[in-house]
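Only this structure's heavy atoms are used, side chains among them; waters, hydrogens and symmetry mates stay out. All of these numbers come straight from a predicted model, not from anything done at the bench.
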2 protein chains.
Amino acid sequence: MEFRNQKAIYLQIADYICEGILSGEYQEGERLPSVRDFASQVEVNVNTVTRSFDYLQQKNVAVSRRGLGLFVATGAREAVYEMHREEFFSEHLPEIFRQMQTLGISMDEIQSKLKDFTNN
Amino acid sequence: MEFRNQKAIYLQIADYICEGILSGEYQEGERLPSVRDFASQVEVNVNTVTRSFDYLQQKNVAVSRRGLGLFVATGAREAVYEMHREEFFSEHLPEIFRQMQTLGISMDEIQSKLKDFTNN
DNA sequence: TGCAGTGTAATATCTAACTATGACACTATG
DNA sequence: CATAGTGTCATAGTTAGATATTACACTGCA
């Protein structure tokens with residue numbers, strides 16, 4: 001897993017898990033990999049994954065059961081969907097629009113790039 | 001000036017200045033506000049602005065003259081333009097496309113939001 | 001020359017994020 | 001009951017970013 005500098009690693013891991021939930025890779029009620037498995041898999045410290053897990057619980061996306069593991073919460077998929085949609089439209093997209101204005105990039109250009117993107 | 005958590009403040013200040021250069025607010029060869037002016041204006045420490053200035057010099061966007069101030073470098077506008085365009089197409093846009101896929105957002109929806117954006 | 005306004009440098013403190021490591025409590029299973 | 005695999009807690013150390021403060025070197029100008 002490759003990380004970006006801008007965003008905290010534990011948040012990127014949480015995002016990664018959320019995408020797994022959206023895609024259906026992780027079903028509601030299903031157990032997620034253990035902190036230690038995750039840590040070695042993405043080559044990160046256990047504490048960092050623990051922080052991701054804490055974050056997911058705080059957002060009602062996951063529930064931990066001591067001695068058992070971390071499980072996808074019921075209603076998690078819808079919760080994640082709403083959260084990400086909200087963030088997308090209120091934060092990411094406006095920023096993209098701003099940059100398009102500043103850089104003089106047209107919607108046609110975006111359309112063209114989208115074709116390239118979906119073909120690769 | 002409002003800052004985001006995700007990105008370092010000194011980089012956001014640098015971005016702000018770069019946008020001023022792109023928009024023509026700051027012409028090439030023109031002097032930028034002093035570190036102390038900037039610091040009090042955006043309510044940030046002098047050291048943070050200094051870091052922004054260092055960054056801009058490192059990117060060949062500005063040149064400092066001791067005792068005089070920081071000046072927009074010749075060719076800065078084109079340099080900033082290329083840098084931001086590159087970043088936009090290789091990093092921001094692909095991320096947006098990924099999220100569109102994950103969240104099931106169509107290009108029509110984006111078009112519609114763009115209209116809202118440009119009208120406000 | 002003196003002074004105010006420049007960038008710059010040095011030092012110290014604080015916080016968030018990440019790492020390293022060890023330990024503890026709980027659960028299922030043999 | 002013992003053990004392996006869970007989450008969790010505690011401690012300590014590192015780094016980047018931001019702050020606070022003081023001081024220095026340079027420049028233009030009165």
A.B. asks: Quick one: on DNA chain D, does B:Val46 or A:Pro33 contact a more 5' nucleotide (nearest heavy atom)?
C.D. replies: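 Nearer the 5' end of the strand: A:Pro33.
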A.B. asks: Does C:dT6 have OP1 or OP2 under 4.0 Å away from a side-chain N or O of B:Arg31?
C.D. replies: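 For C:dT6, OP1/OP2 do have a side-chain N/O of B:Arg31 under 4.0 Å.
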A.B. asks: Of the options C:dG7, D:dG7, D:dT19, whose atoms approach the side-chain atoms of B:Asn45 most closely?
C.D. replies: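 Ranking C:dG7, D:dG7, D:dT19 by closest atom to the B:Asn45 side chain puts D:dT19 first.
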A.B. asks: Whole Å only: how far is the CZ atom of A:Arg66 from the P atom of C:dA28?
C.D. replies: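 A:Arg66 atom CZ is separated from C:dA28 atom P by 14 Å.
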A.B. asks: For the pair made of CD in B:Gln6 and C1' in C:dA17, what is the distance, rounded to whole Å?
C.D. replies: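 Atom CD in B:Gln6 sits about 15 Å away from atom C1' in C:dA17.
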A.B. asks: In whole angstrom, give the distance that lies between atom NZ of A:Lys7 and atom P of C:dA16.
C.D. replies: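 Whole-Å distance recorded here is 19 Å.
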A.B. asks: Taking the inter-plane angle between the rings of A:Phe38 and A:Tyr16 on a 0 to 90° scale, is it parallel (under 30°), tilted (30 to 60°) or perpendicular (over 60°)?
C.D. replies: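 Ring orientation of A:Phe38 relative to A:Tyr16: perpendicular.
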A.B. asks: Closest approach to the side chain of B:Leu68, judged atom by atom: which nucleotide of C:dC26, D:dG28, C:dG7 is it?
C.D. replies: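 Minimum distance to the B:Leu68 side chain belongs to D:dG28.
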A.B. asks: From the list D:dG28, D:dT6, C:dC18, which nucleotide is the closest neighbour of the side chain of A:Asp37?
C.D. replies: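 Per side-chain heavy atoms of A:Asp37, the pick is D:dT6.
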A.B. asks: Can a donor-acceptor pair be found, under 3.5 Å and without considering hydrogens, that links the side chain of A:Thr102 to the backbone of A:Arg98?
C.D. replies: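 Yes.
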A.B. asks: Considering heavy-atom distances to DNA chain C, does B:Phe53 or A:Gly67 have its closest nucleotide positioned more toward the 5' end?
C.D. replies: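 Nearest nucleotide further toward 5': that of B:Phe53.
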A.B. asks: Take the protein atom CG of B:Asp54 and the nucleotide atom P of C:dG7, then report the distance between them rounded to whole Å.
C.D. replies: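 Rounded to the whole Å, the gap is 11 Å.
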A.B. asks: Of the nucleotides C:dT6, D:dG7, D:dT21, which has the atom closest to the B:Ser34 side chain?
C.D. replies: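 When the side chain of B:Ser34 is considered, C:dT6 is the closest of C:dT6, D:dG7, D:dT21.
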A.B. asks: Parallel, tilted or perpendicular, judged at 30° and 60°: which one describes the rings of A:Phe97 and B:Phe117?
C.D. replies: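 It falls in the tilted class, 30° to 60°.
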A.B. asks: Return the value, rounded to whole Å, for the distance between atom CZ of B:Arg51 and atom C1' of C:dG7.
C.D. replies: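 Roughly 16 Å, once rounded to whole Å.
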A.B. asks: In whole angstrom, what separates B:Gln58's CD from C:dT8's P?
C.D. replies: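 The distance from CD of B:Gln58 to P of C:dT8 comes to 13 Å, rounded to the nearest Å.
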A.B. asks: Check every strand shown and say whether A:Val44 touches a base, only sugar-phosphate, or nothing at a heavy-atom separation below 4.0 Å.
C.D. replies: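 Result for A:Val44 = sugar-phosphate.
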A.B. asks: So, is B:Ser64 near the phosphate of C:dT8, with a side-chain N or O under 4.0 Å from OP1 or OP2?
C.D. replies: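 Yes.
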A.B. asks: Whole angstrom is fine here: how far is it from OH in B:Tyr55 over to C1' in D:dG17?
C.D. replies: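 About 15 Å, once rounded to whole Å.
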A.B. asks: Between A:Thr48 and C:dT19, does any side-chain N or O lie under 4.0 Å from OP1 or OP2?
C.D. replies: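 Yes, within the criterion.
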A.B. asks: Rounded to whole angstroms, how far apart are OH on A:Tyr10 and C1' on D:dT15?
C.D. replies: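 So the OH-C1' distance, A:Tyr10 to D:dT15, works out to 17 Å.
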A.B. asks: Is A:Gln57 close enough to D:dT8 that one of its side-chain N or O atoms is under 4.0 Å from OP1 or OP2 there?
C.D. replies: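 Yes, A:Gln57 has a side-chain N/O under 4.0 Å of OP1/OP2 on D:dT8.
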A.B. asks: Base of D:dG7, side chain of A:Arg36 - is there a donor-acceptor contact under 3.5 Å?
C.D. replies: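 Pair found.
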A.B. asks: What nucleotide, of D:dG7, D:dA10, D:dT19, holds the atom closest to the side chain of B:Asn47?
C.D. replies: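 Closest of the options to the side chain of B:Asn47: D:dT19.
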A.B. asks: Any donor-acceptor pair under 3.5 Å linking the side chain of B:Asn119 with the backbone of B:Lys115?
C.D. replies: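 Checked: pair present.
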A.B. asks: Calculate, to the nearest 0.5 Å, the distance between atoms CD and NE2 belonging to A:Glu87 and A:His92 respectively.
C.D. replies: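 A:Glu87 CD to A:His92 NE2: 4.0 Å, rounded to 0.5 Å.
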